Amino acid sequence: MSLYTRFPGGIHPHEGMNGKPVTAALPIEELRQPARVTIPLLQHIGAPAKALVKKGDSVKMGQKIGEAAGFVSAAVHSSVSGVVVDVQPCVLANGLQAECAIIDNDFKDEWVKRQPVKDPEKLDAKALSELAGEMGLVGLGGATFPYSVKLMPPRTKLDTLIVNGAECEPYLSADHQLMLSKAKEIVEGAKRMQVAFGIEKVYVGIEKNKPDAIELMTKLCEGDPSFIVAPVPVRYPQGGEKQLVYALTKRRVKTGGLPIDKGVLVVNVGSCYALYRAIYEGTPLIDRVVTVGGCVKRPANYLVRIGTPVQWLLDASEGLLPQARMMIYGGPMMGLAINRTDIPVTKGCSGITVLEKKLMPKPESSCIRCGRCITVCPMLLCPSDIDKAMRKSDFETAEKLGAMNCLECGACSWSCPAKRSLTQSCKTCKKVITEKRRQQRQREEAK
Amino acid sequence: MSSLLLIIIAGVLVNNLVMSQFLGICPFLGISKKTETAFGMGMAVTFVMVLASVITYLIRTYLLVPFSLEYMQTIAFILVIAVLVQTVEMVLKKVSRALYQALGVYLPLITTNCAVLGVAISNTTAVEGGYDLLQSAVNGLAGALGFTLALVAFAAIREKLAMNDLPKWMDGFPGALIAAGLMAVAFQGFAGLI
Amino acid sequence: MKKKKSMRSVFLNGIFGENPIFRMLLGMCPTLAVSTAVFQGIGMGLATTFVLVFSNLVIALLRNIIPDKVRIPAFIVVIATFVTIVDLMLKAFIPSLSQSLGIFIPLIVVNCIIFARAEAFASKNSVLLSVTDGLGMGLGFTVSITLLSACRELLGNGTLLGAQVMPETFQPMAIALRPPGGFIMLGILLLIINASSKAIVKRREAKAKEAEL
Amino acid sequence: MQKKLIVSAAPYLHNHAATTQRIMLSVVIALLPTAAAAVWFFGGNALMLIVVAVVSAVAAEYIWQKLTHKPVTVSDMSAVVTGLLLAFNLPANAPWWLAAVGSFLAIILIKQLFGGLGQNFMNPALAARAILMLSWTGLMAANVLPHAGQWAAPVALDAVSVATPLTHGATGFTLWQLFYGDVPGMIGETCKITLLLGGVFLLVFRVIDWRIPVSFIATVAVAYFIKTGTLYSMESGAQNVLYQLLSGGLIIGAVFMATDYVTSPITGIGKLIMGVGCGVLLFVIREFSSYPEGCSFAILFMNVLTPLIDRFTGSKPFGFEKQENPAKEAKA
C-alpha cells in the first residue's frame with residue numbers, strides 16, 4: 001500500500017542485460033574530454049539559438065556561443081576551451097540536421113569569467129528566469145523545455161514544487177547517481193525555487209527502487225518540514241509530469257495544460273543541480289550525466305561535456321558486445337534509435353542504451369482488440385483506435401480520440417501482443433494535427 | 001396493457017422492420033454510414049411513423065370504411081403520408097428551429113421509406129379487423145424504435161468496418177449486405193418470443 | 001450535347017448498365033422479402049414491370065401538362081393507381097400469389113425504381129422511349145429478382161419452381177429462406193457481380209493496351 | 001560494425017511474453033480439458049467432430065489467404081480456437097459435414113470477408129453455430145444422452161430423443177450431474193468443471209478480463225433469483241439459480257465466447273454493459289422464446305451492439321475537463 005495515488009495505466013517493462021540493477025550501482029565518473037566537440041545550437045524545444053561565434057574564433061569554457069533567439073529558446077555555451085573549427089549543419093539524433101559549432105579542444109579548461117549570484121537568498125522568480133536564460137538551462141528530464149520560460153513568474157499562485165527524481169525509464173541511472181553524489185546541491189537548488197515562488201510544499205518524488213537515494217534525501221530534508229521525500233511505486237511512466245503530479249497531489253493536470261495551471265512546478269533533479277551551479281558558481285550548463293547501459297562491455301554513468309560524440313562514450317565503455325543490435329540515444333522507451341556514432345551528446349541526452357538481439361521487435365500482425373493498450377495508457381486514450389484512424393489517414397477521428405494528449409511514453413506499443421507501433425501512430429497523428437492547426441491559424445491570421 | 005407491451009417487444013425485437021420484415025431497407029443501407037445521421041434519421045422516422053399510424057387509422061375508420069372505399073387504401077395512405085411529411089416539415093420549421101435542424105434533412109426522404117407505409121398497412125392487417133387507435137400508435141412507435149435500433153447499431157458496425165481493411169470487392173454494398181445478414185442472424189434469436 | 005437514345009440501348013440499359021437491383025440497388029425491400037421462391041420472384045418482377053410500363057406511359061403522356069410544383073404528388077397518384085389495379089387483379093386471378101406476396105404488392109408504390117424512372121426518365125422523354133425504358137427496367141428487375149430467388153430456393157429448399165432439383169441426399173439449408181439468408185445471398189451475388197465486372201473491365205483495358213502496342 | 005544496427009520507432013522494449021499466438025495458444029490450452037471431457041462423455045463421434053472442425057477451420061483460413069494472396073497467418077492459432085469452439089457447440093450426433101460447413105462459414109463468411117483476424121464484428125464460431133441452427137434445426141438438436149467412457153453411443157442415435165435440462169418441464173438431473181457434465185447437450189457445454197477450470201486458467205494468466213463472465217453470470221443469477229424467489233420461496237429460488245447457471249451453454253458462453261476480444265467492447269464499462277446485456281437477453285430468450293437455449297443468440301446480439309457500446313463508453317483523456325474550450329487549447 002502506497003501513500004501516494006496510483007496513476008491510471010502504466011507498465012513494468014523488463015530489461016535486457018546491464019539494465020537498471022547494474023547501472024544503478026555505478027558511481028558517476030568524469031569522462032575524459034574529446035579532442036573535438038560538436039555543440040548543436042538547437043538542444044531544446046523552440047527556436048534554435050543564434051550563433052555568436054564564427055570559424056577561427058577562440059572560445060573559453062563556459063563562453064556563450066549561441067544566444068536565445070525568441071521567447072521559447074535557450075542559450076548555448078562552449079563546453080571546452082579552444083578554437084571554433086566551423087559552424088555548420090550536422091546530423092543529430094533525430095536524423096535531422098541542425099546548425100552546430102564545432103570546437104577543437106585545447107585541453108586547457110580555461111573558464112570564462114564566472115559570476116556567482118551575490119544574494120542567492122533574495123532571488124525572485126524574475127531573476128531566476130533571467131539567470132536560467134543566461135545559463136542555458138533547460139529541462140534535463142528529456143523534454144528540454146527552456147527554463148527561462150518555465151521559471152517565469154506564473155499567472156497563478158504556485159503552492160507545490162515537485163523535484164522529479166523518479167527516473168522510471170529502464171536502464172537509465174543518471175539521475176539516481178546524481179542524487180547520490182549531489183544531494184545537497186539538489187536540495188539547495190530546489191530551495192531557491194521554493195523561496196522565489198513562495199511555495200509551501202516541496203516533494204522529492206523518487207521511485208522505490210532507489211532506496212539509497214531516498215534515504216539520503218530524507219536525511220537531508222529532516223530539518224525542513226516543508227520538504228517531503230516521497231517514495232513512489234515503481235511503475236513506468238511514473239516520472240511523467242502529469243503522472244507524478246497526480247501521484248503526489250491528486251491533482252489532474254488539464255488536457256493540453258501544464259502542471260503550473262494547477263499550482264505545481266515540476267523540476268527534474270538534474271535541472272535542480274544545474275540551477276544550483278548557475279546560482280552559486282555562475283556555471284552555465286556545459287555538461288551532464290549520461291548512463292551508458294545495455295549491451296556494452298563496461299556500462300557506466302559518465303559526466304559528459306555537451307557536444308561529445310557518442311563514439312567517445314562507447315570507446316570509454318570498451319565498445320559494443322557482439323549481440324548488440326540497436327543503439328538508442330536516451331532510454332529504450334522514449335529515446336531515439338541511432339545508427340551512427342558521430343552524433344553529439346546534448347543537454348537532453350540522459351543515456352546511451354544498447355539493446356541485444358533478443359529484444360528486437362517482432363513483425364506486426366492484426367489488432368485483436370485485446371484492450372491491453374487501453375489498460376496501460378496513462379492518459380486513458382485508446383491507442384489501437386488512434387492507430388487504425390492513422391492508417392486510414394483519418395486524422396479528424398484521431399483528434400477526436402484525443403491523440404494530442406499522448407505522452408509518447410510507449411506503454412501501448414510495449415504491451416501490444418500484435419506488436420503494432422501504436423506509439424509511433426500517435427506521434428504521427430500529433431505531428432499532422434499540429435501542422436494542420438498551425439496552417440489553420442495562419443489562414444485565420446491572413447484573414 | 002400487456003397486449004401493448006407485446007406489441008412493443010414484437011415491433012422492436014421479434015418482427016423488427018428491417019431485420020425480419022425487409023421494410024425500410026433503402027434508408028437502412030443508404031443512411032447508415034455515420035452513427036449520428038443514422039440516429040437523426042431514426043428519430044425523424046419515429047416522429048412520422050407514429051403520426052402516420054394515427055392518421056391512417058383515422059382515415060381508414062372514418063373515411064374509407066364508411067364509404068366502402070377500402071380498395072383505395074393504398075392511394076389514400078401514400079398521399080396522406082406524403083402530405084404528412086410535408087406538413088411536419090413546415091410545422092417544424094415554424095415551431096422548433098432546433099428540432100427542424102436536427103431532423104429536417106431526413107424528412108423528405110421518408111416519403112419513399114416503405115417502412116412507414118408498411119406499418120400503416122400492417123396496422124390494418126395485423127389482427128382481424130386491424131389494431132385500434134392506441135394499438136396502431138404503439139405499433140408505429142415500436143416499429144420505428146426497432147428501425148432506429150437496427151439502423152444505429154448497423155451504422156456503428158459500418159463505421160467499424162470502414163476502419164478495417166476489407167477485401168476490395170467487399171467495399172460498399174456487398175459488405176454492408178453481408179453484415180446486415182449476420183445482424184439478422186442475431187435478431188433471429190428472438191423468433192417465437194411471443 | 002444530348003445524345004440520341006436508341007430504343008435498343010434504352011432497353012438494354014435497364015437490364016445491364018443500370019440494372020435496378022445489382023447496379024442501382026433500388027427496390028431492395030421487395031427484392032429481399034419475396035425472393036424466397038422463384039415463382040414469387042417472377043410474380044413480383046412482372047407486377048412491378050406492369051406498374052413501371054404503365055406509369056412511365058402515363059407520365060410521359062402527361063409530362064408537359066403536369067406543373068412542376070405538383071409533379072411528385074401527381075406521380076404518386078399515377079403510380080398508386082396502377083398498383084391498386086395490379087393488387088386487385090392479383091387478388092382476383094392468382095389469389096395464391098397475392099397471398100404470398102402480401103403487403104409487398106401495395107408497397108410497390110414506394111418502390112424507388114418506379115419513382116426514380118418516373119422522375120429521371122419518363123418526365124423527360126417521349127412516350128415510346130419511356131415505355132421501352134419501363135420494359136427494360138422491369139425486365140432487369142425481374143431477371144435479377146428471379147436469379148436471387150432461384151439461388152435462395154435452390155439452397156433453402158433444394159427445388160426450383162417447386163420441382164426437386166438437388167439430389168435426395170441434399171439437406172436444404174433453411175436459413176437461405178429466412179431474412180439473414182436474403183441479405184447474405186444478395187450480398188454474395190453482388191460481390192460476385194462486382195468482382196467479375198471489375199475483372200472484365202480490367203481484361204478489356206489490358207486488351208486495349210495490347211492493341212495499342 | 002555500425003551497419004547491423006537497426007533503426008526503428010520508439011519504444012524499443014516490447015513485452016515479448018504477450019503475443020497473439022501465445023494468447024490464442026493459452027485459449028486452446030484452456031479448452032483442452034473440455035475437449036477431453038467431450039470425448040469422455042460423447043465418445044468417438046465427438047472426437048471426430050472436434051478434429052473435422054479444427055482441421056477445416058485451419059484449412060479454410062489457409063485456402064482463403066492463399067487465394068486472395070494475403071500473408072498466411074494460420075500459425076496465430078486463431079482458426080484453431082474458432083474450430084474448437086464451433087465443435088463444442090455441435091450436438092454429439094451431428095454429421096461430420098455439419099462441422100466442416102460450420103467451420104468454412106465461420107472462417108470465410110464471418111471472419112475473412114470482413115478483413116480477417118480482429119476485424120469481424122461477430123464471434124465466428126457463434127455466428128456459424130447460429131447459421132447452422134437456423135439451417136438444420138433438426139440436426140442441431142442436442143438429444144443424445146451422454147455415455148461416459150463408451151466409444152460409441154449404446155443406443156442407435158436417431159432412436160434417442162431426450163429432453164435437455166432446459167426443455168420446459170424437464171427435471172431429473174441433479175445439480176451434481178449438471179456440474180459434472182452427465183447431461184445431454186452440445187458436446188463442449190456439458191462439463192462445467194473443465195470449463196470453469198479453463199476460465200480460471202485464463203483469468204489467472206490475464207488472458208480474459210473478469211468483467212464479462214462475472215457480470216454475465218451474475219445477471220442471469222439475479223434474474224432467476226427474482227423470478228423464482230418471488231414466485232415460490234427463497235430456497236427454491238437459490239436452487240433454481242444454480243440449476244439455471246449450470247444448464248445449457250451459459251458457462252462456455254460467458255467464459256469463452258462473450259469474452260472474445262474482437263467482438264466484445266474494449267473498455268471496462270463497455271465490458272460490464274456487454275455482460276449484463278448478455279445476461280438479460282439470455283434470461284429473456286430462455287424464458288420466452290421458442291428456442292430452449294439462448295446463449296449464442298444473446299451473445300451474438302450483444303456482438304451487434306458492441307461497436308455502438310464502444311462508441312459511447314470511450315473514456316475521456318486523463319485530466320479532461322468539461323468546460324474545456326478547444327479553440328483556446330489550440331492557441332496555447
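Order of the sequence lines fixes the chain letters, A, B, ..., with proteins taken first and strands second; residue numbering starts at 1 for each chain. All values reported here derive from a predicted model rather than from experimental measurement.
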Trainee: Check whether any side-chain heavy atom of D:Leu195 sits under 4.5 Å from a side-chain heavy atom of D:Val255, and report yes or no.
Mentor: no
Trainee: At a 4.5 Å cut-off on heavy atoms, which part of A:Cys367 comes close to chain D: side chain, backbone, both, or neither?
Mentor: backbone
Trainee: Under 4.5 Å heavy-atom distance to chain A, tell me which part of D:Pro265 shows up: side chain, backbone, both or neither.
Mentor: backbone
Trainee: Is a side-chain N or O of A:Gln238 found less than 3.5 angstrom from the main chain of A:Leu244, in a donor-acceptor match?
Mentor: no
Trainee: Report which part of D:Thr259 has an atom under 4.5 Å of a heavy atom belonging to chain A: side chain, backbone, both, or neither.
Mentor: neither
Trainee: Side chain from CB out, backbone as N, CA, C, O: work out which of these in D:Asp260 comes under 4.5 Å of a heavy atom of chain A, or both, or neither.
Mentor: neither
Trainee: Side-chain donor-acceptor pair under 3.5 Å between D:Thr313 and D:Thr267, yes or no?
Mentor: yes
Trainee: Show me the donor-acceptor pairs, under 3.5 Å and distance only, between side chains in residues 105-113 of chain D and residues at least two apart or in other chains.
Mentor:
unit_1   : atom_1 : unit_2  : atom_2 : d
D:Lys111 : NZ     : D:Glu61 : OE1    : 2.9
D:Lys111 : NZ     : D:Ser78 : OG     : 3.1
D:Gln112 : NE2    : D:Glu61 : OE1    : 3.2

Trainee: Do the side chain of A:Ser317 and the main chain of A:Val296 share a donor and acceptor less than 3.5 angstrom apart?
Mentor: no
Trainee: Tell me, side chain or backbone of A:Ile374 under 4.5 Å from chain D's heavy atoms, or both, or neither?
Mentor: side chain
Trainee: Check each atom of A:Ser421 against the heavy atoms of chain D and say whether the ones under 4.5 Å are side chain, backbone, both or neither.
Mentor: neither
Trainee: Identify which part of A:Cys416 has an atom lying under 4.5 Å from any heavy atom of chain D, answering side chain, backbone, both or neither.
Mentor: backbone
Trainee: At a 4.5 Å cut-off on heavy atoms, which part of A:Leu422 comes close to chain D: side chain, backbone, both, or neither?
Mentor: neither
Trainee: Is it the side chain or the backbone of A:Pro8 that comes within 4.5 Å of chain D heavy atoms, both, or neither?
Mentor: side chain
Trainee: Under 4.5 Å heavy-atom distance to chain D, tell me which part of A:Tyr236 shows up: side chain, backbone, both or neither.
Mentor: neither
Trainee: Does a donor on one side chain and an acceptor on the other come within less than 3.5 Å for D:His14 and A:Lys419?
Mentor: no
Trainee: Can you tell which part of A:Ser384 gets under 4.5 Å to a heavy atom of chain D, answering side chain, backbone, both or neither?
Mentor: side chain
Trainee: For chain D, find which of A:Leu355, A:Val354, A:Leu258 contributes the most heavy-atom pairs closer than 4.5 angstrom.
Mentor: A:Leu355
Trainee: Between D:Ser264, D:Pro11, D:Gly118, which residue shows the highest count of heavy-atom pairs closer than 4.5 Å to chain A?
Mentor: D:Pro11
Trainee: Taking every heavy-atom pair that is under 4.5 Å apart, which of A:Met360, A:Lys362, A:Met379 has the most such pairs with chain D?
Mentor: A:Met379
Trainee: Heavy atoms only, distances under 4.5 angstrom: which of A:Thr423, A:Ile328, A:Ile338 has the most pairs with chain D? Name it, please.
Mentor: A:Ile328
Trainee: Please confirm whether the ring centroid of D:Phe201 lies under 6.0 Å from the ring centroid of D:Phe205.
Mentor: yes
Trainee: Counting only heavy atoms not in A:Lys392, do more than 12 fall under 6.0 Å of its NZ?
Mentor: yes
Trainee: Against the six-membered ring of A:Phe7, is A:Arg235 placed for a cation-pi contact (under 6.0 Å from the centre, within 45° of the normal)?
Mentor: yes
Trainee: Of the backbone (N, CA, C, O) and the side chain (C-beta and beyond), which part of A:Ala411 lies under 4.5 Å from a heavy atom of chain D, both, or neither?
Mentor: neither
Trainee: Given a strict heavy-atom distance threshold of 4.5 Å, which part of A:Lys358 is in contact with chain D: side chain, backbone, both, or neither?
Mentor: backbone
Trainee: Looking only at side-chain N and O atoms, does D:Gln21 offer a donor or acceptor that is under 3.5 Å from a partner on D:Ser75?
Mentor: no
Trainee: Heavy-atom pairs under 4.5 Å with chain D: which of A:Arg372, A:Met334, A:Glu15 has the most?
Mentor: A:Arg372
Trainee: Using non-hydrogen atoms and a 4.5 Å limit, figure out which bit of D:Arg22 sits close to chain A: side chain, backbone, both or neither.
Mentor: neither
Trainee: Side chain from CB out, backbone as N, CA, C, O: work out which of these in A:Pro170 comes under 4.5 Å of a heavy atom of chain D, or both, or neither.
Mentor: side chain
Trainee: Who wins among D:Asp310, D:Thr73, D:Val7 for the most heavy-atom pairs under 4.5 Å with chain A?
Mentor: D:Val7
Trainee: Hydrogens and angles aside, do D:Tyr12 and A:Arg325 bring a side-chain donor and acceptor to less than 3.5 Å of each other?
Mentor: no
Trainee: Tell me if the CG atom of D:Leu32 is crowded by more than 12 foreign heavy atoms within 6.0 Å.
Mentor: yes
Trainee: What part of A:Arg438 gets closer than 4.5 Å to chain D, counting heavy atoms only: side chain, backbone, both or neither?
Mentor: neither
Trainee: Are more than 12 heavy atoms, taken from residues, nucleotides or ligands other than A:Glu396, located less than 6.0 Å from that residue's CD atom?
Mentor: no
Trainee: At a heavy-atom distance under 4.5 Å, which candidate from D:Val207, D:Ile208, D:Leu13 has the highest pair count against chain A?
Mentor: D:Leu13
Trainee: Counting only heavy atoms not in A:Arg391 (residues, nucleotides, ligands), do more than 12 fall under 6.0 Å from its CZ?
Mentor: yes
Trainee: Does any backbone or side-chain atom of D:Leu117 lie under 4.5 Å from a heavy atom of chain A? Answer side chain, backbone, both or neither.
Mentor: both
